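Sequence lines set the chain letters: A, B, ... in the order given, protein chains first and strands last, and positions in each chain run from 1. Computed from a predicted model, the values in this text were never measured in an experiment.
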Number of protein chains: 2
Amino acid sequence: MTFSEENYLKTIYHLTTASDSEVSTNAIAEKMETKASSVTDMLKKLADKGLVNYKKYQGVSLTEEGKLAAKMIVRKHRLWEVFLVEKLGFSWDEVHDIAEQLEHIKSEKLINKLDDFLDNPTEDPHGDPIPDREGRIVKIEKQLLSELSENQFGICVGVKDTSSEFLKYLDKQEIALGSKIEFLSKESFDLSLRIKVNGKELTISNKIASNLFVKLV
Amino acid sequence: MTFSEENYLKTIYHLTTASDSEVSTNAIAEKMETKASSVTDMLKKLADKGLVNYKKYQGVSLTEEGKLAAKMIVRKHRLWEVFLVEKLGFSWDEVHDIAEQLEHIKSEKLINKLDDFLDNPTEDPHGDPIPDREGRIVKIEKQLLSELSENQFGICVGVKDTSSEFLKYLDKQEIALGSKIEFLSKESFDLSLRIKVNGKELTISNKIASNLFVKLV
DNA sequence: AATTATTTTTAGACAAAACTAAAAATTATA
DNA sequence: TATAATTTTTAGTTTTGTCTAAAAATAATT
């Protein structure tokens, strides 16, 4: 499997699990910043290999084989992210691009040894689940901070947007995975939130709150 | 820089430092298991980029820039090998192929953090020196076991051949980096050696002895 | 339902890196 | 030194993955 094939599989995986349906050629092209014609070419190739279900003009989905392959790439990506943060001291906003490269290293033995070395983590530094060596994913119960009601408490367990920009904002506000957040009130005009973290009150926009996953406590 | 360009640079580096002269198109082709015509194509490309000195029919050598780039690839390769052995528990005969992939990961920050994580090692698991972040190499004094004289002692500090076959043979004989070897005698007929390791006497062929580096004690 | 707009595919081209086969240059040999 | 052998380069293909532009299919609108 080439790097390019792996990147397509991964993208299709993320797009289909997000919306849980078939995904369009254009959606893939947009996500991968490439042209629809290039996508069509690759879809044919992946279909020939039995990795995707593809019918012209009808969108694509992953076959079981394709889904497992995609999960293994995601597994590698997220394990390497844990390594970068836990062992090498990178911050959570720096690891994505490097993991994009490391996820293509081919050695099952390597990734399983890395898994053990990291004590078999179940989530990456952004709170996303890490598939185990059989591809199983343990989903944790979580909801968006924006969906809480007044005076509820939540533990921050993940981020929806993993952009460096957003993560650095959270660092600045001292919000991290594990932070206990109290939902104080919502401003009806702009849906901004008043919350309390680390003993400090602060106001965050609805956009911020819609990208933070919390677990109710 | 592409993977392919990096592999050529690395090969030219190894071939030129071994013989300390210009290297021929055919020598590169043989080492890389490719065709001479492919090598010619790449040499032109690398020359255009200022990484090699190349004149038609005259062989090639690395420019200063090319040499530094090659050393950085070697640095990455060897640091990853240390990681695989020291942290993940791979044996020294398993790491080469994986490091061949990892050496192409592009992030200076990553490799320097890895270097620190590993406590800035100066040699890889086969005893080969690891260039520092400026490309400097500390050469250790060493000689081939086959060059010792009777009743001299040597500490095993490296292997010339790093093939899995040879390394597994050494494991079987319980010879490792750090092993103290006493040179007992040499058989004039076939140049085989009588040595003593770990308190046990054994006979090794001249081929074996010509692939083991030792430091006199 | 017919027309327009959008999406998707096809056709043909290109760059990178490999190859084969033939030509050119170098080296070795008689 | 002429000729033969070897090495190296050139010329022309191939494969992978991309692109543009045009054609075909689908979706949206009047």
Proximity to DNA chain C (any heavy atom under 4.0 Å), residues of residues 34-43 of chain B only | Thr34(B), Lys35(B), Ser37(B), Ser38(B), Asp41(B)

Whole angstrom value for the distance that separates P of dT15(D) from CD of Glu5(A) | 16 Å

Would you call Glu94(A) and Lys113(B) a salt bridge, taking side-chain N to carboxylate O under 4.0 Å as the test?
-> no

Does a side-chain N or O from Lys56(B) land closer than 4.0 Å to OP1 or OP2 of dT26(C), or not?
-> no

Taking OP1 and OP2 of dT10(C), is either one under 4.0 Å from a side-chain nitrogen or oxygen of Tyr57(A)?
-> no

Measure the distance from CD on Glu30(B) to C1' on dT7(D) and round it to the nearest whole Å.
-> 13 Å

Apply side chain to side chain contact (heavy atoms under 4.5 Å, CB included) to Ser146(B) and Leu191(B), showing your working.
-> CA-CA 9 Å; Ser146(B) 55; Leu191(B) 301 177; over 6 Å; no

Phe3(B) CZ to dA18(C) P, in whole Å, measures 13 Å

Please determine which of Arg78(A), Glu86(A), Glu81(A) meets the side-chain contact (heavy atoms from CB on, under 4.5 Å) test together with Pro125(A).
-> Glu81(A)

dA25(D) P sits how many Å from Lys55(A) NZ, rounded?
-> 17 Å

Tell me: CD1 of Ile28(B) to C1' of dA18(C), nearest whole Å?
-> 16 Å

Can you check the Gln58(A) CD to dT9(C) C1' distance for me, whole Å?
-> 13 Å

For the student: nearest non-hydrogen atoms of Lys142(B) and Phe213(B), plus distance = CD-CG, 3.8 Å

Would you say the side chains of Asp161(B) and Ser163(B) form a donor-acceptor pair under 3.5 Å?
-> yes

Answer yes or no: does a side-chain N or O of Ser4(B) lie under 4.0 Å from OP1 or OP2 of dA16(C)?
-> no

With the threshold set at 4.0 Å, does a side-chain nitrogen-carboxylate oxygen contact exist between Glu22(B) and Lys55(B)?
-> no

Value in whole Å for how far the P atom of dC19(C) lies from CD of Glu33(B) = 11 Å

Here the distance between atom C1' of dT8(D) and atom NZ of Lys44(B), to the nearest Å, is 10 Å

Going through the distances and angles, do Ile12(B) and Ile28(B) end up as a side chain to side chain contact (heavy atoms under 4.5 Å, CB included)?
-> CA-CA 7 Å; Ile12(B) 297 167; Ile28(B) 298 169; 3.8 Å; yes

Hey, does the side chain of Asn26(A) come within less than 4.0 Å of dT6(C)'s phosphate (OP1/OP2), counting only N and O?
-> no

